[in-house]
J.: 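Below: one structure in structure tokens.
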Amino acid sequence: QVQLVESGGGLVQPGGSLRLSCAASGFTFSNYAMSWYRQAPGKERELVARISSFSSSTNYADSVKGRFTISRDNRKNTVYLQMNSLKPEDTAVYYCNCRVRGNEYWGQGTQVTVSS
């Protein structure tokens with residue numbers, strides 16, 4: 001029943017911005033932390049950002065601190081990743097993630113390409 005549906009990826013020039021969205025369903029969204037991961041070509045999957053259930057705590061990878069912002073709207077069951085000052089090294093497939101009732105769930109992924 002748990003579903004995560006991502007959107008917002010695309011092609012953007014260096015220095016540009018994108019906002020990713022992840023619409024969640026099948027669980028009590030506000031009770032759970034949500035995360036964004038990414039996997040770049042030839043690289044391991046890495047945690048990009050995480051946000052606690054009521055947004056009291058956020059964590060970011062060092063590579064994105066100051067540029068990316070994770071947020072959530074518990075009324076809309078949606079988590080966002082605002083990405084500013086994008087760099088070519090941000091190019092990756094971005095995945096929404098949560099752990100609900102002992103199981104890991106992942107979105108289908110959305111491609112972000114930063115290129116001139």
Side-chain angles (χ1 to χ4, degrees):
Q1 291 294 103
V2 173
Q3 292 187 89
L4 304 173
V5 181
E6 298 148 324
S7 61
L11 175 64
V12 65
Q13 292 187 334
S17 297
L18 286 173
R19 189 177 77 160
L20 307 183
S21 298
C22 173
S25 61
F27 62 102
T28 305
F29 179 77
S30 61
N31 287 349
Y32 295 91
M34 300 294 298
S35 300
W36 287 97
Y37 287 77
R38 69 185 181 188
Q39 188 164 20
K43 304 293 184 181
E44 296 294 318
R45 184 181 62 187
E46 68 169 336
L47 176 65
V48 177
R50 179 178 291 138
I51 187 166
S52 62
S53 58
F54 283 90
S55 306
S56 61
S57 179
T58 58
N59 295 97
Y60 298 93
D62 288 342
S63 59
V64 308
K65 285 181 179 176
R67 300 188 298 120
F68 290 12
T69 303
I70 189 170
S71 62
R72 66 192 295 160
D73 186 338
N74 286 344
R75 295 175 294 108
K76 296 181 178 180
N77 289 358
T78 301
V79 61
Y80 305 94
L81 186 67
Q82 178 67 47
M83 305 185 295
N84 299 326
S85 302
L86 282 161
K87 304 174 180 179
E89 50 263 46
D90 295 317
T91 295
V93 178
Y94 285 72
Y95 298 93
C96 184
N97 164 267
C98 63
R99 183 175 177 86
V100 178
R101 296 185 291 271
N103 293 313
E104 293 281 340
Y105 295 93
W106 299 89
Q108 79 285 355
T110 185
Q111 176 71 49
V112 172
T113 302
V114 184
S115 177
S116 298

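All values reported here derive from a predicted model rather than from experimental measurement. By convention here, the first residue in the shown sequence is residue 1.
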J.: Are Val93 and Val79 joined in one hydrophobic group, where the rule is that I, L, V, M, F, W and Y side chains link up if heavy atoms are under 4.5 Å apart?
T.: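 They do not share one cluster, since no chain of ILVMFWY contacts under 4.5 Å joins Val93 to Val79.
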J.: Quick one: do the Arg101 and Asn103 side chains pair a donor with an acceptor below 3.5 Å?
T.: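 No donor-acceptor contact under 3.5 Å links the two side chains.
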J.: I'd like to know if Lys87 and Asp90 make a salt bridge, using a cut-off of under 4.0 Å between side-chain N and carboxylate O.
T.: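 Answer for the salt bridge query: no.
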J.: Heavy-atom count check: over 12 atoms from other residues, nucleotides or ligands less than 6.0 Å from Gln1 CD?
T.: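 Counting neighbours around CD of Gln1, 12 or fewer heavy atoms of other residues, nucleotides or ligands fall under 6.0 Å, so no.
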J.: Output all residues satisfying side-chain hydrogen bond (donor to acceptor under 3.5 Å, both in side chains) with Ser56, sequence neighbours left out; order by chain, then residue number.
T.: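 Ser56 satisfies side-chain hydrogen bond (donor to acceptor under 3.5 Å, both in side chains) with Ser52 once adjacent residues are dropped.
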J.: Which pairs count as disulfide (SG to SG under 2.5 Å) when at least one residue sits in residues 47-101, sequence neighbours excluded?
T.: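 Output for this query lists Cys22-Cys96.
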J.: According to ring-ring contact (aromatic ring centres under 6.0 Å, His included), who are the partners of Tyr95, at least two apart in sequence or on a separate chain?
T.: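 So Tyr95 forms no ring-ring contact (aromatic ring centres under 6.0 Å, His included) with any residue.
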J.: Could you list the residues that satisfy side chain to side chain contact (heavy atoms under 4.5 Å, CB included) with Thr58, not counting sequence neighbours?
T.: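 Scan of Thr58 (side chain to side chain contact (heavy atoms under 4.5 Å, CB included), adjacent residues dropped) gives Ile51, Tyr60, Ile70.
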J.: With sequence neighbours excluded, what pairs up with Ser25 under the side chain to side chain contact (heavy atoms under 4.5 Å, CB included) test?
T.: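 So Ser25 forms a side chain to side chain contact (heavy atoms under 4.5 Å, CB included) with Gln3.
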J.: Please collect all disulfide (SG to SG under 2.5 Å) contacts where either partner lies in residues 55-90, sequence neighbours excluded, each pair once.
T.: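 Non-adjacent pairs meeting disulfide (SG to SG under 2.5 Å): zero.
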J.: Which pair of heavy atoms, one from Ser30 and one from Asn74, lies closest together, and at what distance?
T.: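 Taking Ser30 first and Asn74 second, the nearest heavy atoms are CB-ND2, 3.6 Å.
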J.: Could you name each residue pair satisfying disulfide (SG to SG under 2.5 Å) that touches residues 37-78, not counting sequence neighbours?
T.: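 Every candidate disulfide (SG to SG under 2.5 Å) pair involving residues 37-78 fails, so no pair, neighbours aside, qualifies.
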J.: Apply side chain to side chain contact (heavy atoms under 4.5 Å, CB included) to Thr113 and list each qualifying residue two or more places apart in sequence or on a separate chain.
T.: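 Side chain to side chain contact (heavy atoms under 4.5 Å, CB included) list for Thr113, sorted by chain: Leu11, Thr91, Gln111, Ser115.
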J.: Could you pull out all residues at least two apart from Ser17 that satisfy side-chain hydrogen bond (donor to acceptor under 3.5 Å, both in side chains)?
T.: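 So Ser17 forms a side-chain hydrogen bond (donor to acceptor under 3.5 Å, both in side chains) with Asn84.
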J.: Check whether Leu18 and Trp36 end up in the same hydrophobic cluster, where Ile, Leu, Val, Met, Phe, Trp and Tyr are linked by side-chain heavy atoms less than 4.5 Å apart.
T.: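 Yes.
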J.: Could you check if a side-chain atom of Arg38 sits within less than 4.5 angstrom of a side-chain atom of Leu20, using non-hydrogen atoms only?
T.: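 Result no, sub-4.5 Å side-chain heavy-atom pair not found.
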J.: How long is the span from the CG atom in Leu86 to the CZ atom in Arg67, to the nearest 0.5 Å?
T.: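 Leu86 CG to Arg67 CZ: 6.5 Å, rounded to 0.5 Å.
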J.: Among all residues two or more places apart in sequence or in another chain, which pass the side chain to side chain contact (heavy atoms under 4.5 Å, CB included) test with Ser35?
T.: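 Testing Ser35 for side chain to side chain contact (heavy atoms under 4.5 Å, CB included), a comparison that skips the adjacent residues, returns Tyr37, Leu47, Arg50, Asn97.
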J.: Name all residues meeting the ring-ring contact (aromatic ring centres under 6.0 Å, His included) criterion together with Phe68; count only those two or more places apart in sequence or in a different chain, and write none if there are none.
T.: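 Here no residue qualifies.
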J.: Rounded at 0.5 Å granularity, tell me how far CG in Leu4 sits from CZ in Phe29.
T.: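 Those atoms lie 9.0 Å apart.
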J.: As an exercise, state the distance from OG of Ser21 to CD of Gln82, rounded to the nearest 0.5 Å.
T.: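 Between atom OG of Ser21 and atom CD of Gln82 there are 9.5 Å.
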J.: How would you list, by chain and number, every residue that makes a ring-ring contact (aromatic ring centres under 6.0 Å, His included) with Phe54, sequence neighbours excluded?
T.: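 Phe54 satisfies ring-ring contact (aromatic ring centres under 6.0 Å, His included) with no residue once adjacent residues are dropped.
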J.: When rounded to the nearest 0.5 angstrom, what distance separates CE in Met34 from OH in Tyr105?
T.: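 Here the rounded value is 12.0 Å.
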J.: Could you give the distance from CD (Glu44) to CD (Gln39), rounded to the nearest 0.5 Å?
T.: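 If I round to the nearest 0.5 Å, the distance is 7.0 Å.
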J.: Does Val112 belong to the same Ile/Leu/Val/Met/Phe/Trp/Tyr cluster as Val48, with side-chain heavy atoms less than 4.5 Å apart forming each link?
T.: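 As far as the 4.5 Å side-chain criterion goes, Val48 and Val112 are connected within one cluster.
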J.: As a quick check of understanding, evaluate side chain to side chain contact (heavy atoms under 4.5 Å, CB included) for Ser53 and Tyr32, giving each step before the final call.
T.: CA-CA 5 Å; Ser53 58; Tyr32 295 91; 5.8 Å; no
J.: Quick check: closest heavy atoms across Leu81 and Ala49, and the distance to 0.1 Å?
T.: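 Reported closest heavy-atom pair: CD1-CB, 4.2 Å.
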